[in-house]
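Please read the structure below before turning to the comments.
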Amino acid sequence: MSFTGKKKKENSPVSPLKKRRASWSELWLNHHHSLSSSPSLDFVPLPHRKTLSLVCKRWLRLHGGLVRSVKVDLVSGCLVSQLSSGVLVSHRVVSSFAVGVGSYQSLSFFEENLLSVETVDRGLRTLASGCSNLRKLVVVNSSELGLLSVAEACSRLQELELHKCSDTVLLGVGAFENLQILRLVGSVDGLYDDNNNSLVSDIGLMILAQGCKRLVKLELVGCRGGFNGIKEIGECCQMLEELTVCDHKMESGWLGGLGYCENLKTLRLVSCRNIDFDPCLDECLSCCSCPALERLHLEKCQLRDKNSVKALFKMCEAAREIVFKDCWGLDNDIFGLAMAFGRVKLLCVEGCSLLTTTGLETVILQWHELEHLKVVSCKNVKDSEISPLLSALFSDLVELQWRPDTRSHLFSSLAGAGVGEKAKFFKKT
């Protein structure tokens with residue numbers, strides 16, 4: 001009887017002697033007891049952490065403690081979304097956003113959908129108070145006070161993208177002493193009106209240079225300024241290695257300031273209607289060029305003004321990588337100015353319809369260090385016009401991409417022949 005009673009007691013669902021089945025979390029912890037006395041997700045591969053965090057609340061809390069970064073789109077958050085309008089607008093400067101039904105009829109529709117400066121600043125203060133380890137921030141329509149609150153609380157911020165920027169706002173940007181990457185969007189046609197409240201001039205660039213002396217990458221979109229501002233950046237931001245100027249409204253003579261950017265390695269000009277309205281050619285030719293420059297990239301730029309292009313090439317004569325992409329006005333005469341570059345190793349010409357085979361050949365035959373050549377979508381460059389000298393140059397290249405138009409058969413016909421692969425049997429002994 002005692003044995004029977006004991007057996008019934010063991011089978012009873014309320015018996016304390018009943019052996020409980022181990023949970024999945026306990027099994028995992030027991031299996032990994034040698035790793036840590038407490039559960040640790042550090043040893044779990046990143047793709048599986050989220051799945052394991054659903055096992056129990058404790059693991060969910062552990063997973064939250066391992067999160068090191070959170071991406072929040074403050075650009076969209078600075079816009080008053082009109083979800084019922086059915087109108088979606090996109091622009092190369094910002095991501096897509098919804099606008100009111102009648103707003104898109106005005107060029108200022110973007111500004112009409114922006115949150116007020118006070119609201120954005122209040123959001124920045126809240127963000128700063130809870131995210132002292134913030135590394136990257138993208139924001140639209142803030143004031144210098146809102147940015148100062150972030151600079152005080154988030155001293156480790158390294159990357160900042162600021163839309164609808166002005167000289168006054170840059171008073172706040174200058175407080176980010178550890179900033180390394182900065183993108184300033186000033187006046188952009190169709191988005192931000194070009195008025196006294198939405199522009200970056202020499203004053204703003206000087207404020208920026210005095211505060212952000214550790215900058216490595218700087219992008220100026222729709223900004224004004226000139227020689228003095230660029231010079232100040234070059235003298236104060238001595239770590240600057242990459243400068244991008246997009247759709248600029250720079251004052252005449254700004255190119256001369258590049259000579260003071262002694263450690264600049266990459267210069268990109270994008271969507272510039274004119275390189276420099278009055279480059280002060282004599283001054284540019286007499287002053288020092290950018291000594292450390294390695295790469296010059298020109299994309300969707302107007303290159304019809306010979307003096308400004310000549311001044312630019314002179315300033316960048318040390319460049320070894322030259323890229324022309326979808327540029328207007330790049331004919332044989334303008335491209336001929338590229339002989340100012342003496343040690344080019346890589347040339348990319350894409351979407352430039354005015355350049356001919358003769359114009360291309362005249363220049364690249366002078367570049368004895370050329371190793372990489374890419375010619376794509378240049379309809380006036382013809383296979384039938386390739387000379388023996390140009391053909392010999394092709395055979396010595398490390399890399400050749402030759403697709404000037406859809407009718408070009410040269411690249412396919414040379415496939416497997418060793419051209420562009422530094423084949424020894426193509427080299428003269």
Side-chain angles (χ1 to χ4, degrees), residues 75 91-94 107-108 110-111 114 137-144 147 159-174 176 179-213 215-237 240-261 264 266-279 297-302 308 312 315:
V75 175
H91 193 279
R92 57 180 172 79
V93 176
V94 296
L107 289 177
S108 60
F110 188 80
E111 292 192 84
L114 286 176
L137 175 64
V138 183
V139 66
V140 180
N141 205 33
S142 66
S143 74
E144 66 278 12
L147 292 174
E159 186 172 352
L160 176 63
E161 182 174 334
L162 187 60
H163 292 248
K164 204 174 186 297
C165 188
S166 65
D167 287 343
T168 306
V169 176
L170 287 176
L171 289 170
V173 176
F176 293 94
L179 200 63
Q180 296 181 10
I181 302 174
L182 176 61
R183 184 173 188 250
L184 298 179
V185 182
S187 175
V188 179
D189 294 340
L191 289 182
Y192 315 124
D193 287 340
D194 186 5
N195 53 48
N196 293 330
N197 295 322
S198 181
L199 59 85
V200 176
S201 68
D202 272 342
I203 296 175
L205 295 181
M206 290 178 180
I207 294 172
L208 169 66
Q210 292 294 330
C212 305
K213 296 186 177 182
L215 278 183
V216 178
K217 295 174 63 175
L218 174 63
E219 182 174 353
L220 304 175
V221 182
C223 294
R224 292 185 180 178
F227 173 84
N228 292 327
I230 299 299
K231 176 185 176 182
E232 190 77 7
I233 289 176
E235 291 180 336
C236 297
C237 306
L240 186 67
E241 295 183 355
E242 183 174 324
L243 174 63
T244 300
V245 180
C246 179
D247 191 21
H248 76 77
K249 297 164 177 62
M250 294 285 190
E251 298 174 359
S252 300
W254 74 274
L255 275 178
L258 293 175
Y260 296 87
C261 302
L264 190 66
T266 302
L267 176 62
R268 288 188 173 90
L269 301 183
V270 182
S271 301
C272 296
R273 301 172 188 176
N274 199 308
I275 303 300
D276 195 328
F277 290 102
D278 184 9
H297 289 209
L298 301 173
E299 182 177 352
K300 297 179 182 177
C301 292
Q302 293 278 3
S308 63
L312 174 65
M315 191 62 62

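On a predicted model such as this, the values are computed, not experimentally measured, just so you know.
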Hey, are the side chains of D247 and R273 touching, using non-hydrogen atoms and a 4.5 Å cut-off? yes
If you count the non-hydrogen atoms of other residues, nucleotides and ligands that lie under 6.0 Å from CD1 in I203, is the total more than 12? no
Please report the interatomic distance CG(L269) to OG1(T244), rounded to the nearest 0.5 Å. 8.5 Å
Nearest 0.5 Å, what's the CG-CD distance between L243 and E219? 9.0 Å
Residue pair E242 / R268, side-chain heavy-atom distance below 4.5 Å: yes
What are the two closest non-hydrogen atoms of V173 and L162, and how far apart are they? CG2-CD2, 3.6 Å
A side-chain contact here means heavy atoms from C-beta on lying under 4.5 Å apart; do L220 and V200 qualify? no
Determine whether I230 and M250 satisfy the following criterion, side-chain contact (heavy atoms from CB on, under 4.5 Å), listing intermediate values before the conclusion. CA-CA 10 Å; I230 299 299; M250 294 285 190; 4.1 Å; yes
Among pairs that include at least one residue of residues 200-210, which meet side chain to side chain donor-acceptor pair (under 3.5 Å), considering only residues two or more places apart or in two chains? D167-S201, Q210-E232
With rounding to the nearest 0.5 Å, note down the distance linking CG in L184 to CG in L218. 6.0 Å
Grab the two heavy atoms, one from C223 and one from G186, that are nearest each other, plus how far apart they are. SG-N, 4.3 Å
Distance from I207 atom CD1 to L171 atom CG, nearest 0.5 Å? 4.0 Å
Would the distance check show the side chain of H248 and the main-chain N or O of I275 forming a donor-acceptor pair, the cut-off being under 3.5 Å? yes
W254 vs F277 side-chain heavy atoms within contact, under 4.5 Å: no
Side chain to side chain donor-acceptor pair (under 3.5 Å) involving E159 - partner list, sequence neighbours excluded: none
Might you point out which heavy atoms bring S142 and V169 nearest each other, and give the distance in Å? O-CG2, 3.6 Å
G225 and L205 have their tightest heavy-atom pair at CA-CD1, 4.2 Å
Tell me the closest heavy-atom pair linking A209 and C236, and the distance in Å. O-CB, 3.3 Å
How many angstroms lie between atom CD1 of I233 and atom CG of L264, to the nearest 0.5 angstrom? 11.0 Å
Minimum heavy-atom distance L179-C212, with the two atoms named: CD2-SG, 4.1 Å
Does any N or O in the side chain of D276 come within less than 3.5 Å of the main-chain N or O of G253, such that one atom is a donor and the other an acceptor? yes
Using 0.5 Å steps for rounding, measure from the CD atom of Q302 to the OG atom of S308. 10.5 Å
